[in-house]
Structure formats: C-alpha cells, structure tokens
Protein chains: 2
Amino acid sequence: MGERRVTMRDVAKASGVSPATVSFVLNNVTEQHISPATRDRVTTAARELGYVPHAIAKALREGTSRIVLLALPAGIRGPGLDAYTRGLDDELARHGHVLLVRHGSSLHGTLASVIATVSPRAVIDLSGLYREAADGPAAEPVTSNDGGWIDGLAAHTLVQLRHLTRAGHTSIAVALPPDDSGWARLARVRLHFAREAAARIGLAEPPTLTIPEDAAEAARAVRDFRREFPSVSAVAAFDDAVAMHLLSVLHGLDVAVPGQLAVIGFDAVEYGSFATPALTSVHIDAQSYGQRAARTVLGLEPPSEPPAPATVIVRESV
Amino acid sequence: MGERRVTMRDVAKASGVSPATVSFVLNNVTEQHISPATRDRVTTAARELGYVPHAIAKALREGTSRIVLLALPAGIRGPGLDAYTRGLDDELARHGHVLLVRHGSSLHGTLASVIATVSPRAVIDLSGLYREAADGPAAEPVTSNDGGWIDGLAAHTLVQLRHLTRAGHTSIAVALPPDDSGWARLARVRLHFAREAAARIGLAEPPTLTIPEDAAEAARAVRDFRREFPSVSAVAAFDDAVAMHLLSVLHGLDVAVPGQLAVIGFDAVEYGSFATPALTSVHIDAQSYGQRAARTVLGLEPPSEPPAPATVIVRESV
DNA sequence: TATGATTACTAAATCGAATTAGTGCAACCA
DNA sequence: TGGTTGCACTAATTCGATTTAGTAATCATA
C-alpha cells in the first residue's frame, strides 16, 4: 500500500546532488564531467535505497520501451518455435529487454494497435514472414529480422530430403497437414522449399500427400496415394505430428516402415521416439536462431559462428 | 521517420477544446459534464486523425501498465499450459490488456526486477503456486489468482484415477518423469493430488514408477516394478509423454496393453492417438481456466458457469 | 435582484526519467 | 588583468495522458 517507489529524486536527495546528476551518473553519460567522489556517493545511495529505474517513465521520455514484440500466427506451436522463443527471450533478457509474445489468436486488438499501445523497441513478425515467403517464388523476406529463421527452414528442408536420397531413395513424396489445420500457410512455405530442395539435388518434383485428421479418411488417402504413386519409396513429412499420423496409418494398412515406405519427420519431438517404429526426424537448433534474431533487432553484431545446421535424429523409420 | 504520433493535444486542437476535455470525452468520465455537440466533435476528430492513446504515458500517470505478467517455471510446456495461456491472452485482450509471458529460463533479471521494470497490472506466478502446492499437505495456495488452475489439477487427477477404477482396476500405480527433467516440482504436486484422490475413492496409496529417459534403463525400471508390484493392473501417468514412453517400453517387453496393464495419460496431446495402442488420456479445458484467471486478476466477476470438468478421451489403452 | 446551484468547460500540476541550456568556479595563457 | 577554456554541477523543459482545482456562463430560487 504505502510502499512508495524509490525515484531518482530520492537518490538525489540522499546523495546531496540534483536529479540530473543522478541521471548522468547512473547512465554513464560521457559528455558530462562528474567527480569520482560524487559518482561514488550517487551509486552507493542508489544501491542502498534499492533504486530501480522506472522503465515506463524512461520509455515515455525515450519514445520506445525495452520490449520486443514477437507476433506469431494463430495456432502455430511446436518444439522448434518454443526453442526459438527461448533463445530470443534469453538473449533479450541479457540486454535488458523483455520479450512479449503476441499470439495471432487474440480476437480483439490488431497487431498495429498493440504496437501503438506498447511502443516496442522492435517487432518480429513471423506471421508476416510466413506469408511473405509463401507468396513469391523468390521467397525474399522483406523484413529479415528473424535471425534467419525462414532461411533456416529452407536449409533444413534440404537436410530432410538429402537424408532420404542418401539412404538410397529416388522417388520421394511430401506429406502435409490438412488445409484447415492452421498450418496451411506454413505448409505452403515448406512445400515451396521442398520443391526447391528437390530441384537442387536433382529429384523430380515431389508429389504431395495430404493427410486428413480423421483416421478412416487418412487411411483412404494413404491407400489412394500409394496406388497412384507406386514408385514412391519415402515420405518427407511436414512435421512430426503428420509423420506420426502417417506411421499409425501405415501400421493399420500393414505397410512395413521403412521396408516398404520410409518416413522422416521434422522438428524432432520427444514423442517421436515412442512411435513404432521410432520416428527419424530433423532436429533444428532453433534456439540459436532465436538468439540471432534478438541480436539483429537490437542492432548488435550477430554471433560470428553461423547458426547450427539441422541434424538428423536417426531412429528407425528411415 | 517524420511520422510524429497523434497526441491528445492534436485532437484537442482539431476539435477546438482543451486536452482535458478530450481526455474526459475519450474516457467517458461521468463526473464531468460535456455537451453532446463537443463530445461528438472530439470523437470524430479523434477518429479522423487516427488517434491511439499512448499507453506508456497513460501507464506513467496511472502508476501501472496494462500488462499482465505470467511467470512460468523453466521448461514447463505442454498443450494444457498452451491452452491456458491462450485463454488468458484472449480474455485480457478483450479488456485492453496484454499478456507478457516470462519463462523462468531467462538467465538474467529476476522476476522481481521484471516487475519493477514493467509495472504490470497483475502477476500470475505459476512457479510460485506450484511450489506452494507442493509444500504443505494442505496445498492451500497463497495467491489464488490462477483461475483455479491448481485446484483444477487436483480435480483432473481425480478424474484420471476414477476412470481407471470405473474400468474395474483396483490396484493402480502412478508413473512419473525422472527427477532431473524439469518437471520434478510439478510431478510432486501431481503425486500429492494423486494420493489425495486415491484416498478419496478408497484406493490404497498408489506406488510410483519413475521412468528414466534412457530406453534401456526405462525397460529395466518397468520390469523391476512389475516384479515388485505384480498386482498393479493400471498406471496413471504424469502426462502423455510419460505415458507414451511407458507404452513403447511395454511394447518392447511384450506386455499387452490394456490386457495385462492399462495406461492412461494426462493432457491429451494429439500424438497420443498415433501411439500403438492409441493412448487414452484426460483432456483439460485449460483455456477456460486461463479465461477465469484473466477475469480474476482484472477484478472482474468470474464467469457464472464453473470451469469445464476434465473429460476422458477414450482410445485404446484403457 | 442578489444568491446559490448547475453546466461546460480550461489551466496547471503530476507521474519519473532524460536532456538542453546554463551557472559558478578554478586553472591557464598572453 | 582580462579573456578563454575546462570542470562539476543545476534548473528547467520535455515526453503524453490524467486529474484537481478553478472559472465563466446559465439557470433557478427567494
């Protein structure tokens, strides 16, 4: 109740100087000359009073808060994005910033109004990037402040397909989630990258297999697909959920995995190892991408090492 | 660059009144008498200029921002918590607030300093609640602003065990994640609730089965457990990850599920349906708990309907 | 017709920090 | 001795919205 907050004025009074001087000392303003004695008195007073700068006042003065906004499309979740978020959060915290995650799910308040409300230092709009990348065949993101996340997605898709060709497969399909699943946009992006990757390593354009939610429908879809494309010997899945769904359908259809059809997932969830057969998947070091993104938006040098390449977690399904 | 922000002053100038009047109109201050004509001029001017109130200035004046902080322990994720967060986010957005999620993972900056920095309207500290609930056997949370989330966890654990007894099981065990998995604290809470629930429905205290990460170790742990407690015919798992791990171990050990041992999960992840056998699990309407939490912290009436009870997603494993 | 109440507003202070424009004072150079 | 420069600080303004105290003008009442 009565806990009034310790302001700069209090520190000033306690150390016998003006608030301006306190500000100069605490912000290490180099253009101002402050005697070491005063500097010392101010810092100890601040410490003893437990002074914490009031970010809101600071933000009002500076015109921008120390908040970074991450806008995600609705319904997009997964271990990769979680790790990305964590990397972002940690790196931002390391520089005194706070990550605000805005899920597209929010009914009211568009992103623009949230931005006007919070005055964030920067905005990482993955929903925009996803859209961007899906639209043009050039896939050149306008705002490249995502730490290379989308570029990474392309590279990782290449890793996924390459693993299949290295295992001897030459006729490869891509498995996608249903269009109404909320992943539709990202699915188009990934499909685009898969086609690019296939062209790069000299494969024919991969046919696509969309797997419906409903188990019976899914079984039918898979059976039809195998009838239409009998030569396909391996499937690169959009993510592990799609891969595991496919695995369970194939189990029901008595199709041997990887004997008759190999399956590789994406984004290596832990559950994958409990599937039968255990799911081979592509693991992404998304956390380092998050870290890069943080450094990018804060205007810092990106880390010298390039982001870790995707690694294939080899289990049983390929 | 030159895009100066539209302030209240601009609106005042455009409508020929003072900034104070603009504030009164825009905030519907009932203590002040404003003529309908003026009221109209101000609102249209605000609309035409595209005036968006500057939340930071507002926050400085009011001493608190329209931000609500959700503090989560490190490494705690899952569909339940995701849905909880979504419910919270949506309901807060509906009342002009923004949710800031703070993952315990952040290396620098304690929760206290983040609070001092952001001056949030409210803090929902689930890490604290988890600790609280785990400590005393009374499990009476000090801050009950979580919308009944922890209480719900207790109720849902009861649902989980009850489903097993209704299926005819009388000797039930609890499966837990390893202590070093980051879930340790929550695992203790859930175990506490499981014991309470068992007592309530007249079961003996359930033995616990901790399942190590490593597959070989896990297999050994399960075999030893079955040797020590041969009468146990059903296992209530901490979450679906543990349940699915158990399922894959049992598959390797040639133990029939649910024939020789029934398994029920918790928090119904989608992957569960792709396990063999498909995992029966407890689904929680966490979103409505998030919504309740939002209303609680904003000081609004909670919705009249009680939170939806947990439902059992019956598949094959029980 | 003077007094009081009500209406419809405005001026100015406030929140807490950052910053620009000064103000004394001492040292230094010619 | 007068002028310049450097040092160590302070006063006062600013960011944008809220709110208290106050002021004209109108209306009602005695």
Side-chain angles (χ1 to χ4, degrees), chain A residues 3-43 45-46 49-66 96 113 115-121, chain B residues 3-43 45-46 49-67 96 115-121:
Chain A
E3 302 175 24
R4 221 181 45 79
R5 133 169 238 134
V6 178
T7 73
M8 237 174 51
R9 188 163 246 92
D10 299 322
V11 177
K13 209 161 287 174
S15 44
V17 297
S18 73
T21 306
V22 175
S23 174
F24 294 142
V25 170
L26 265 35
N27 293 300
N28 287 310
V29 177
T30 48
E31 292 79 27
Q32 292 285 338
H33 307 270
I34 311 281
S35 71
T38 308
R39 192 175 289 280
D40 203 65
R41 265 183 304 136
V42 170
T43 48
L49 292 176
Y51 170 74
V52 180
H54 190 4
I56 291 179
K58 195 176 205 158
L60 177 60
R61 184 68 236 260
E62 295 181 340
T64 169
S65 63
R66 290 175 89 74
S113 97
I115 290 174
T117 302
V118 183
S119 299
R121 172 75 35 113
Chain B
E3 301 176 23
R4 220 181 48 77
R5 137 170 231 131
V6 178
T7 73
M8 239 175 50
R9 188 163 246 93
D10 299 322
V11 177
K13 210 161 287 175
S15 45
V17 296
S18 73
T21 305
V22 176
S23 174
F24 295 142
V25 171
L26 265 34
N27 293 296
N28 286 309
V29 177
T30 48
E31 292 79 26
Q32 292 285 340
H33 307 268
I34 311 282
S35 71
T38 309
R39 192 175 291 279
D40 203 64
R41 265 183 304 135
V42 170
T43 48
L49 293 176
Y51 170 73
V52 179
H54 191 1
I56 290 180
K58 194 175 205 157
L60 176 60
R61 184 67 236 258
E62 295 182 339
T64 170
S65 63
R66 290 174 91 74
I67 282 175
I115 292 174
T117 302
V118 182
S119 299
R121 172 75 36 112

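- For the pair A:I56 and B:S18, both in contact range of DNA chain C, the more 5′-proximal nearest nucleotide belongs to B:S18.
- As judged by a 4.0 angstrom heavy-atom cut-off over every strand, A:V17 is placed among residues touching the sugar-phosphate backbone only.
- The closest side-chain heavy-atom distance from A:V25 to A:R41 is not below 4.5 Å.
- The listed nucleotides are C:dT19, C:dA8, D:dA17; the one nearest the side chain of A:A20 is C:dT19.
- Comparing B:I34 and A:L26, the nucleotide of DNA chain C nearest to each residue sits closer to the 5' end for B:I34.
- The structure places CD1 of A:I56 at 11.5 Å from OG of A:S119, a figure rounded to the nearest 0.5 Å.
- Nucleic acid contact class of B:S23 (heavy atoms, under 4.0 Å, all strands): base.
- The nucleotide whose nearest atom lies closest to any side-chain atom of B:Q32 is, among D:dC15, D:dT19, D:dA21, D:dA21.
- Note on B:P53: only backbone sugar-phosphate atoms sit closer than 4.0 angstrom, heavy atoms only; bases stay farther off.
- A:H54 comes within 4.0 angstrom of sugar-phosphate atoms only, judged by non-hydrogen atoms across all strands, and of no base.
- The two residues A:S35 and A:T38 come nearest to each other via the heavy atoms OG-OG1, 2.8 Å.
- Residues B:D10 and B:K13 have side chains not in contact (no heavy-atom distance under 4.5 Å, counting atoms from C-beta outward).
- Contact annotation for A:T7: backbone-only contact, meaning every heavy-atom pair under 4.0 Å involves sugar-phosphate atoms and none involves a base.
- Considering only side-chain N and O atoms, A:K58 lies under 4.0 angstrom from the phosphate OP1 or OP2 of C:dA18.
- One can place CZ of B:R9 at 11 Å from C1' of C:dA12, the figure rounded to the nearest angstrom.
- Looking at A:R61, its side chain has no donor and acceptor atom pair within 3.5 Å of the base of C:dA17.
- Within the structure, a side-chain polar atom (N or O) of A:Y51 is placed less than 4.0 Å from OP1 or OP2 of C:dA17.
- Of the side-chain N and O atoms in A:N27, one or more sit less than 4.0 angstrom from OP1 or OP2 of C:dA18.
- At a threshold of 4.0 angstrom between heavy atoms, the contacts of A:S35 are confined to the sugar-phosphate backbone, with no base atom among them.
- Among the protein residues, A:L60 comes within range of the nucleic acid bases, having at least one heavy atom under 4.0 Å from a base atom.
- When side chains are defined from C-beta on, A:P53 does not count as touching A:L26, because their heavy atoms never get closer than 4.5 Å.
- Within the 4.0 Å cut-off from OP1 or OP2 of C:dC9, at least one side-chain nitrogen or oxygen of B:T38 is found.
- Distance, A:M8 CE to D:dT13 C1': 13 Å, rounded to whole Å.
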